[in-house]
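A quick write-up on the structure given underneath.
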Amino acid sequence: MTTTDLMILNFEEIRRRSSILWKAMPEALYNWQPDYNAMTSIQMVRHVLEGEFDFHKLIENKGSDGLSYTSPWKNKPFTSVSEEIEFSKPFRKVFLECIRSFSADDLSGIIIIRKELGQLRNLGDFIQRIAYHEAVHTGQFLSYMRTLNINRPKIWD
């Protein structure tokens, strides 16, 4: 198994588990948030899905300098979790194909620069941080469900 194969496996496992959780949230609670400054449940799902698209653009551009694009989610009304996931699928397919295209030398040699955050990361490190972003929000979503006393599906198989 190559490094990129392992990265893809990690992304697929995280998304599989996130999707199970997201779909278990009752639609009546999509707009619940633990406090005024927190994301709602549906906003968090959108944030993760759109965030992956944004991270992909950073990879394509090798950073944020001069990056300009319009998100496909801009002005898109929130829908159901299933529809949000379905909408993201073509973008995710392209993102995973992009990751598959990188060699081991690319992962260590390509540098992603985010001047606004003072970040300079090799591509492999940056890609792993994308996966970590979703994993953190999966944990956050679990805490939402626990706070709401909703049955939490078993994602630790």
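Quick caveat: nothing in here was measured; it's all calculated off a predicted structure. Position 1 is the first residue of the sequence, and the numbers go up from there.
- Side-chain N or O atoms of E86 include none that pairs as donor or acceptor with a backbone N or O of E83 at under 3.5 Å.
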Item to check | Intermediate values then yes/no, side-chain contact (heavy atoms from CB on, under 4.5 Å), F141 and M25 | outcome: CA-CA 9 Å; F141 206 87; M25 180 64 79; 3.8 Å; yes
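- In this structure, OG on S68 lies 9.5 Å from CG on N61, to the nearest 0.5 angstrom.
- In this structure a side-chain-to-backbone donor-acceptor pair under 3.5 Å is present from Y30 to V81.
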Next on the checklist: Could you walk me through whether D5 and R100 satisfy the salt bridge (Lys or Arg N to Asp or Glu O under 4.0 Å) test, starting with their C-alpha distance in whole Å, then the side-chain angles of each, then the deciding distance to 0.1 Å, before giving a yes or no?
Outcome noted: CA-CA 7 Å; D5 289 338; R100 275 189 191 93; 5.5 Å; no
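- For L49 against S88, the heavy-atom pair with the smallest separation is CD2-OG, 3.6 Å.
- No more than 12 heavy-atom neighbours from other residues, nucleotides or ligands sit within 6.0 angstrom of CG on N149.
- Looking at heavy atoms from C-beta onward, F53 lies in side-chain contact with P72 at the 4.5 angstrom threshold.
- The main-chain N or O of M7 is never found under 3.5 Å from a side-chain atom of N10 such that the two would form a donor-acceptor pair.
- Note on R16 versus E12: no salt bridge recorded, every NZ/NE/NH1/NH2 to OD/OE distance being 4.0 Å or above.
- Cluster annotation: I8 and I110 are assigned to the same hydrophobic cluster (Ile/Leu/Val/Met/Phe/Trp/Tyr, side-chain heavy-atom contacts under 4.5 Å, transitive).
- Atom CG of L58 and atom CG of L123 lie 11.5 Å apart (nearest 0.5 Å).
- No donor-acceptor distance shorter than 3.5 angstrom exists from the side chain of S18 to the backbone of R15, with no hydrogens or angles considered.
- Cluster annotation: W156 and L9 are assigned to distinct hydrophobic clusters (Ile/Leu/Val/Met/Phe/Trp/Tyr, side-chain heavy-atom contacts under 4.5 Å, transitive).
- Minimum heavy-atom separation, M39 to Q33: O-CB, 3.5 Å.
- Between F11 and F95, the ring center distance clears the sub-6.0 Å criterion.
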Checklist entry - Run the side-chain contact (heavy atoms from CB on, under 4.5 Å) check on T147 and W32 step by step: do they pass? => result CA-CA 11 Å; T147 300; W32 182 86; 3.9 Å; yes
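- Contact of the L142 side chain with the I155 side chain is registered, since non-hydrogen atoms from C-beta on lie closer than 4.5 Å.
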Checklist entry - F102 and I127: side-chain contact (heavy atoms from CB on, under 4.5 Å), yes or no, with the steps? => result CA-CA 11 Å; F102 294 120; I127 290 171; 4.3 Å; yes
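- L21 has its side chain within reach of M145: a pair of non-hydrogen atoms, C-beta onward, lies under 4.5 Å apart.
- Ring pair W73/F91 is tilted by interplanar angle, where 30° to 60° counts as tilted.
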Checklist entry - Step by step, would you call R46 with K76 a side-chain contact (heavy atoms from CB on, under 4.5 Å)? => result CA-CA 10 Å; R46 169 83 55 96; K76 184 182 181 308; 4.1 Å; yes
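- Between W22 and E84, the closest side-chain pair of non-hydrogen atoms is not below 4.5 Å.
- Side-chain heavy atoms closer than 4.5 Å link hydrophobic residues (I, L, V, M, F, W, Y) into clusters, and following such links, even through other members, never connects Y132 to I99.
- A donor atom on one side chain and an acceptor atom on the other are found under 3.5 Å apart for T4 and T2.
- Under a hydrophobic-cluster definition in which Ile, Leu, Val, Met, Phe, Trp and Tyr are linked whenever side-chain heavy atoms come within less than 4.5 Å, directly or via other members, I20 and I14 are assigned to different clusters.
- Looking at E134 and H137, their side chains never bring a donor and an acceptor atom within 3.5 Å of each other.
- For the pair I59/C98, a side-chain contact is recorded, criterion being any heavy-atom separation below 4.5 Å from C-beta on.
- Between the side chains of E50 and S71, at least one donor N or O sits under 3.5 Å from an acceptor N or O.
- Hydrophobic clustering (side-chain heavy atoms under 4.5 Å, transitive across Ile, Leu, Val, Met, Phe, Trp, Tyr) keeps I111 apart from I130.
- Separation of atoms CG (L67) and NZ (K115) is listed at 13.0 Å; rounding is to 0.5 Å.
- The CD1 atom of I112 lies 9.5 Å from the CG atom of L120; values are rounded to the nearest 0.5 Å.
- S19 is listed as a side-chain neighbour of I85, based on a closest heavy-atom distance under 4.5 Å.
- The closest side-chain heavy-atom distance from S82 to K23 is below 4.5 Å.
- D54 and Y69 form a side-chain donor-acceptor contact under 3.5 Å, judged by distance and modelled atom types alone.
- Of all non-hydrogen atoms in I150 and L29, the two that sit nearest each other are CD1-CD1, 3.5 Å.
- Residues R114 and D65 are not paired through a salt bridge, judged by the lack of any N-O separation under 4.0 Å between the basic side chain and the carboxylate.
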Item to check | Working for salt bridge (Lys or Arg N to Asp or Glu O under 4.0 Å), residues E60 and K57 | outcome: CA-CA 5 Å; E60 288 179 335; K57 291 297 176 193; 3.3 Å; yes
